[in-house]
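Below: one structure, written as structure tokens.
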There are 2 protein chains.
Amino acid sequence: MSSADDNSAVAREVWQLMSDLVLDNQRRRKVTEVTGMSFGRTRAVRRVAKRSMQMGELADLLGMERPNLTTLINDLEEKGLVIRKADPRDRRSRLVEATAKGKRVARKAEAILKEPPDRLVGLDVEDLETLRRCLAEASAPGGSE
Amino acid sequence: MSSADDNSAVAREVWQLMSDLVLDNQRRRKVTEVTGMSFGRTRAVRRVAKRSMQMGELADLLGMERPNLTTLINDLEEKGLVIRKADPRDRRSRLVEATAKGKRVARKAEAILKEPPDRLVGLDVEDLETLRRCLAEASAPGGSE
DNA sequence: TCAATTACTTACGTTTCTATAACTATTATA
DNA sequence: TATAATAGTTATAGAAACGTAAGTAATTGA
């Protein structure tokens, strides 16, 4: 029996446990409740709040078609959460930027999403440190979501 | 400085790392692609494939209103993925059961969702064991998702 | 037994998500 | 400069996700 097989088996268990912990839909529900809009809309606002970007880049990050993003951003702009600005480098493209209001909404969402479950906080500090070390090692440099 | 504060800070980091790892939208996308239906529909099939249950219980698990579940299950029934059966205990309620076809679809989805990312599999066995131990400790007895 | 409750469905309307085709404006290139 | 490629928008249209009100059938319990 190879060590790779051992890894795989344990990794599957770990993955299952992690997924169960993270994929708690109450969290999504809470976010839509607090922000007063869909999770997808909130996701866009959060992205833009971190950094202004072109429509195309944002569409790619959110994994949606450009025409659909146009509609979404129209909506967010009407709500006063983002604005489109001219891109000085390329007049074809538009830069999407979060307004102060948009950033507030993004912060509210992040606050909910970043709050770890009680059960995680309740672990021993040593265990948490170990978790952090291992997960940091397992994490891609680019991050996701 | 209390130990609780230390825990909280590290826990937040751990949580962030875990969330990034789990919330990879490519996975969702792949599931809808393979199953040929929305993630929500697939979620329902997966639930029922594990265990037959009443409409109400399923609606609660999926976090949706009963009328909406009725529509969803109608759709899945037309697709031949589930069937409604009489509940011998209570003739008001219906038991939703996955068909063989439904179970196949559920298996396909699970196969994608249960596959841990390469970066996790690549960790040392000792680290994986530690992760498992910690996460098992942090997991609720009831599970979620 | 009969009123209240429960489990589910029907009917309806709104929002959100999704994809595609055709269009304008701008930039890059041959 | 003419042509192609790019960035975004408009226009459609269908599927999916939500919520509420009102209805049926079965059960509970006073």
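Worth saying up front: this structure is predicted, and the values here are computed from it rather than measured. Letters A, B, ... mirror the listed sequences (proteins, then strands); counts begin at 1.
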[atom1] of [X] versus [atom2] of [N]: gap in Å, rounded?
| X | N | atom1 | atom2 | result |
| --- | --- | --- | --- | --- |
| A:Ile73 | D:dT9 | CD1 | C1' | 13 Å |
| B:Leu76 | D:dA15 | CG | P | 15 Å |
| A:Glu33 | D:dA17 | CD | P | 20 Å |
| A:Asn74 | D:dG8 | CG | C1' | 11 Å |
| A:Met37 | C:dT16 | CE | P | 10 Å |
| B:Arg41 | D:dC18 | CZ | P | 11 Å |
| A:Leu72 | C:dC17 | CG | P | 6 Å |
| A:Met55 | D:dT10 | CE | C1' | 13 Å |

For residues A:Thr42 and A:Thr35, is any side-chain donor paired with an opposing acceptor at under 3.5 Å?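 Short answer, yes.
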Tell me which of A:Met64 and B:Arg66 sits closer to the 5' end of DNA chain C, going by the nucleotide each one is nearest to.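 Its nearest nucleotide lies further toward 5', so the answer is B:Arg66.
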For B:Ser93 and A:Leu62, take the nucleotide of DNA chain C holding the closest heavy atom to each; which residue's nucleotide lies nearer the 5' end?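 In this pair, the answer is B:Ser93.
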Between [options], which one does the side chain of [X] approach most closely?
| X | options | result |
| --- | --- | --- |
| A:Gln54 | C:dA7, D:dG8, C:dT9 | D:dG8 |
| A:Glu65 | D:dA7, D:dA26, C:dA19 | C:dA19 |
| B:Pro67 | D:dC18, C:dT10, C:dC8 | C:dT10 |

Presence of donor-acceptor pair under 3.5 Å, side chain of A:Asn68 and base of C:dA19: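 Such a pair is found, so the answer is yes.
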Is there a donor N/O on one and an acceptor N/O on the other, under 3.5 Å, for the side chain of B:Arg92 and the base of C:dT6?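 Side chain to base: pair present.
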Look at all strands and tell whether [X] reaches a base, only sugar-phosphate, or nothing, counting heavy atoms closer than 4.0 Å.
| X | value |
| --- | --- |
| A:Ser38 | sugar-phosphate |
| A:Asp87 | nothing |
| A:Arg84 | sugar-phosphate |
| A:Thr70 | base |

Any side-chain heavy atom of A:Leu113 within less than 4.5 Å of one from A:Arg46?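 Yes, close enough: below the 4.5 Å cut-off.
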Note, A:Leu128 side chain near B:Cys134 side chain (heavy atom, < 4.5 Å):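 No. Closest side-chain heavy atoms not under 4.5 Å.
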A:Lys79, NZ: over 12 other non-hydrogen atoms inside 6.0 angstrom: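 Atom NZ in A:Lys79 is packed in, count exceeds 12.
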Going through the checks in order, is the salt bridge (charged side-chain N to carboxylate O under 4.0 Å, His left out) test met by A:Asp87 and A:Arg89? CA-CA 5 Å; A:Asp87 185 344; A:Arg89 303 183 188 189; 5.1 Å; no
Given DNA chain D, 5'-ward residue of the pair A:Arg29 and A:Arg94, judged by closest heavy atom: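 Closer to the 5' end of DNA chain D: A:Arg94.
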